[in-house]
Amino acid sequence: MKFNFKTYHIRSINAADDAERAKINQELKDLYASLSDEDKAIFNVELQTFLVKEMAAISSEYAAIKSQLPSDN
């Protein structure tokens, strides 16, 4: 099974307000609740992998931007 967390992530980023963001989060919770225990384990692993990749990308972008800023020293 392959879950597409990126689509939920992008929808949440582009949500008009907190209520829409909450609705998207509820969709994910409902999806998770509907899964078998085996699929829940897969979901959790794939979610962790997605989060690690997203954090690495953010960290890389942050480092690149920071390196272009003038030094305070």
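The residues of the chain are indexed from 1 along the displayed sequence.
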Novice: With rounding to the nearest 0.5 Å, note down the distance linking CD in Glu46 to CG in Asn4.
Specialist: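 Output value for this atom pair is 10.0 Å.
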Novice: Quick one: pull up OG in Ser34 and CZ in Phe43 and give me the separation to the nearest 0.5 Å.
Specialist: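 The distance works out to 9.0 Å.
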Novice: Starting at CD1 of Ile42, measure out to CG of Asp37 and round the result to the nearest 0.5 Å.
Specialist: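 Spacing of CD1 (Ile42) from CG (Asp37) equals 11.5 Å.
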Novice: Grab the two heavy atoms, one from Phe3 and one from Leu31, that are nearest each other, plus how far apart they are.
Specialist: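 Where Phe3 meets Leu31 most closely, the heavy atoms are CD2-CD2, 4.1 Å.
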Novice: May I have all residue pairs that pass side-chain hydrogen bond (donor to acceptor under 3.5 Å, both in side chains) and include part of residues 11-20, sequence neighbours excluded?
Specialist: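 Only Arg11-Glu27, Asp18-Arg21 qualify under side-chain hydrogen bond (donor to acceptor under 3.5 Å, both in side chains).
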Novice: Do Tyr8 and Ile13 have side chains that get closer than 4.5 Å, going by heavy atoms?
Specialist: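 A side-chain contact under 4.5 Å is absent here.
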Novice: Going by atom type alone, with no hydrogens or angles, which donor-acceptor pairs under 3.5 Å involve a side-chain atom of residues 48-55 and a protein atom two or more places apart or on another chain?
Specialist:
unit_1, atom_1, unit_2, atom_2, d
Thr49, OG1, Val45, O, 2.9
Glu54, OE2, Lys6, NZ, 3.3

Novice: If you draw a 6.0 Å radius around CD in Gln26, do more than 12 non-hydrogen atoms from other residues or ligands fall strictly inside?
Specialist: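 Counting other residues, nucleotides and ligands, CD of Gln26 exceeds 12 neighbours.
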Novice: What distance do Asp39 atom CG and Tyr32 atom OH have between them, rounded to the nearest 0.5 Å?
Specialist: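 Output value for this atom pair is 10.5 Å.
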